[in-house]
Amino acid sequence: MKIKIAIVEDDREVRENWVKVLNAHPKLKCVAACESGETALKQFPDCRPDVILMDINLPGMSGIQSTALLKEILPNTHVLMVTIYSNNNSIFEALQAGASGYLLKNHSSEEVIRSIIEVVEGGAPMTGQIARRVIEVFRKPAYKDLAKAQLTAREKEILHLIARGYANKEIASQLEVEVSTVRTHVEHIYEKLHVHCRTQAAAKYLGSEGQEAIKKWEK
């Protein structure tokens, strides 16, 4: 089954080029492409994309605002922010809004496709600098939130592996289960922790007893 992609990009030439590139790949299919967050909120709930490529600088509703609203409607859809410059503050705000990672507009077609597949498989395309900043912010509310979440033993095991950087396929191999089973557990983890992406889930875990668990594992 092909990965369904939706695009929000106000530059028509860029938008149409992405559609061509994505549809030319055997594993991808562009199911919607629009020029604004307002239009995306009307169209995307019906086509339910797996991944949204979201321009961070949109006229009208910003890409960050659009991401936050779309994640409320489509919590299982991954959003990859697309930006001209690697502006840490804007990217960080987008991740707080629920984005799973980001791309630069000057990335090659191969890099864009690789990032899309990576995020579907459980990755989070971003620089180490951004990842560290996310962890620092989400580290603070930690232990009580995780304790109240009442994760099952299996969910804790999977969350531990997410925090160590494992993708869904790697978790499935480690635990000897199907990837679809891992995805279901990950969705439950998101719901219980009130987060929208792997980075946020890992950050909450690393902010509590997870740090000690990671240290024990690495020993």
Side-chain angles (χ1 to χ4, degrees), residues 1-127 130 167-168 183 186-187 190 195-200:
M1 186 176 293
K2 292 187 176 184
I3 299 170
K4 297 188 295 182
I5 316 295
I7 299 167
V8 188
E9 166 59 58
D10 63 307
D11 186 312
R12 181 177 178 180
E13 185 177 346
V14 172
R15 187 172 67 247
E16 291 179 350
N17 182 60
W18 279 352
V19 171
K20 291 179 182 178
V21 168
L22 297 176
N23 284 335
H25 194 279
K27 293 184 178 180
L28 308 178
K29 179 181 180 182
C30 184
V31 295
C34 62
E35 74 289 344
S36 70
E38 290 86 347
T39 303
L41 286 166
K42 295 177 182 177
Q43 294 183 357
F44 292 2
D46 291 331
C47 59
R48 306 190 74 80
D50 300 304
V51 179
I52 297 172
L53 298 183
M54 175 73 70
D55 186 0
I56 203 166
N57 295 311
L58 292 170
M61 184 184 296
S62 72
I64 295 171
Q65 292 172 314
S66 302
T67 295
L69 293 172
L70 284 166
K71 287 296 290 186
E72 290 181 7
I73 303 168
L74 301 167
N76 297 325
T77 296
H78 301 286
V79 180
L80 289 177
M81 306 306 295
V82 184
T83 178
I84 298 176
Y85 305 109
S86 183
N87 183 315
N88 287 354
N89 289 333
S90 295
I91 294 167
F92 178 67
E93 289 176 16
L95 293 171
Q96 285 185 300
S100 298
Y102 78 96
L103 302 167
L104 294 178
K105 282 193 176 181
N106 61 5
H107 278 178
S108 67
S109 299
E110 290 77 13
E111 288 175 307
V112 172
I113 291 170
R114 186 163 53 248
S115 293
I116 290 171
I117 294 174
E118 178 185 349
V119 79
V120 170
E121 292 180 345
M126 70 182 75
T127 65
I130 290 293
N168 286 349
R183 288 199 189 102
V186 171
E187 288 174 11
Y190 287 179
V195 298
H196 299 292
C197 67
R198 301 173 80 82
T199 306
Q200 294 176 354

Sidechain-backbone polar pair: [X] side chain, [Y] backbone, donor-acceptor under 3.5 Å:
| X | Y | value |
| --- | --- | --- |
| Lys4 | Leu28 | no |
| Gln43 | Ala40 | no |
| Thr39 | Cys34 | no |
| Asn168 | Arg183 | no |
| Lys29 | Ile5 | no |

Problem - Modelled atom types, side-chain donor and acceptor of Ser115 and Glu111, under 3.5 Å - result: no

Practice task
Using the salt bridge (charged side-chain N to carboxylate O under 4.0 Å, His left out) rule, collect all pairs that involve residues 5-19, keeping only residues at least two apart or in two chains.
Solution key: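 The answer is Glu9-Lys105, Arg12-Glu16.
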
Handout entry: Pairwise distance CG(Leu103) to CD1(Ile116) - rounded to 0.5 angstrom
Key =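 So the CG of Leu103 and the CD1 of Ile116 are separated by 7.0 Å.
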
Taking all heavy atoms of [X] and all of [Y], pick out the closest pair and write down the distance.
| X | Y | value |
| --- | --- | --- |
| Pro59 | Glu38 | O-OE1, 4.5 Å |
| Ser66 | Met54 | CB-CE, 3.6 Å |
| Ile56 | Ala94 | CD1-CB, 4.4 Å |
| His78 | Ser100 | ND1-OG, 3.5 Å |
| Phe44 | Pro49 | O-CD, 3.5 Å |

Under 3.5 Å, which donor-acceptor pairs link side chains of residues 19-26 to any protein atom two or more places apart or in another chain?
unit_1	atom_1	unit_2	atom_2	d
Asn23	OD1	Cys30	N	2.8
Asn23	ND2	Val19	O	3.4
His25	ND1	Lys27	N	3.0

Practice task
Just do the side-chain contact (heavy atoms from CB on, under 4.5 Å) check on Val51 and Ile3 with the steps written out, would you?
Solution key: CA-CA 8 Å; Val51 179; Ile3 299 170; 4.2 Å; yes

Practice task
With side-chain contact (heavy atoms from CB on, under 4.5 Å) as the test, would you mind laying out the steps for Arg48 and Leu74 before giving the verdict?
Solution key: CA-CA 7 Å; Arg48 306 190 74 80; Leu74 301 167; 3.7 Å; yes

